[in-house]
Amino acid sequence: MRFWSIVLVAGLLFGCAKSAPPLPPADHTYSTRGIVERLPSRSDAHIIILHEELPNFIGIDGDAATMQSMAMPFAFSPGVSAAGAKDGTKVAFTFEVRWTGAEPLLITKLEVLPEDTTLELED
């Protein structure tokens, strides 16, 4: 009987715990390539990637423009990580943009590229 009481209490505790609210739908999704400038750390869970130019990037105002190559911070979607990457690693990645919410730039896929991959980055 004691065992089932513990199971019941544990079930109630876990069942009542609030889970993270679902993310709103992405406003836009982009795929690009870049170089990892800084991996996530204990103090900052974001990865910094210097990405290639993004033609037809849709800004918060809804207008399309070319986003020049630049370094930006990105968060990771659950289940996605920087495994296999280090500072200076070339990567291909897909990210979602949400203009509302805590994490506007969310990586949904990241792939390490061969070291000899040529990227089109501005100096």
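Here, residue 1 is the first one in the sequence, and each next residue gets the next number.
At a threshold of 4.5 Å between non-hydrogen side-chain atoms, the residues Ile49 and Ile107 count as touching. Contact of the Ile35 side chain with the Leu119 side chain is registered, since non-hydrogen atoms from C-beta on lie closer than 4.5 Å. For the pair Leu39/Ile48, no side-chain contact is recorded, criterion being any heavy-atom separation below 4.5 Å from C-beta on. Side-chain atoms of Pro73 and Ile47, non-hydrogen and from C-beta on, never get closer than 4.5 Å to each other.
Linking ILVMFWY side-chain heavy atoms closer than 4.5 Å, directly or via other members, places Leu121 and Met72 in two distinct hydrophobic clusters. The same ILVMFWY cluster, assembled from side-chain heavy atoms under 4.5 Å apart, contains both Ile58 and Phe74. If you chain together hydrophobic residues whose side chains sit under 4.5 Å apart, Val36 and Phe93 fall into the same group.
The heavy-atom pair separating Leu50 from Ser69 by the smallest distance is CD1-OG, 3.8 Å.
The CE atom of Met70 sits 8.5 Å away from atom CG of Leu54, with the distance rounded to the nearest 0.5 Å. Atoms OG and CG, from Ser81 and Leu110 in turn, are 8.0 Å apart once rounded to the nearest 0.5 Å.
Taking the ring-ring contact (aromatic ring centres under 6.0 Å, His included) definition, one finds that Tyr30 meets it with Phe57, Phe95, sequence neighbours left out. Residues passing the side-chain contact (heavy atoms from CB on, under 4.5 Å) test with Ala45: none are found, sequence neighbours excluded. Judged as a salt bridge (charged side-chain N to carboxylate O under 4.0 Å, His left out), and not counting sequence neighbours, the contacts of Asp44 are Arg38. Pro114 pairs by the side-chain contact (heavy atoms from CB on, under 4.5 Å) definition with Asp116, Thr117, not counting sequence neighbours. Taking the side chain to side chain donor-acceptor pair (under 3.5 Å) definition, one finds that Thr118 meets it with nothing, sequence neighbours left out.
Listed by first then second residue, pairs satisfying side chain to side chain donor-acceptor pair (under 3.5 Å) with a partner in residues 47-68 read Arg33-Glu52, not counting sequence neighbours. Evaluation of the side chain to side chain donor-acceptor pair (under 3.5 Å) test over residues 82-94, restricted to residues two or more places apart or in two chains, returns Ser31-Thr94.
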For residues 98-105, please give each side-chain donor-acceptor pair under 3.5 Å, one per line with the distance, not counting sequence neighbours.
residue, atom, partner, partner atom, Å
Arg98, NE, Pro24, O, 2.5
Arg98, NH1, Glu96, OE1, 2.8
Arg98, NH2, Pro24, O, 3.3
Arg98, NH2, Glu96, OE1, 2.7
Glu103, OE1, His46, NE2, 2.9
Glu103, OE2, His46, NE2, 3.4

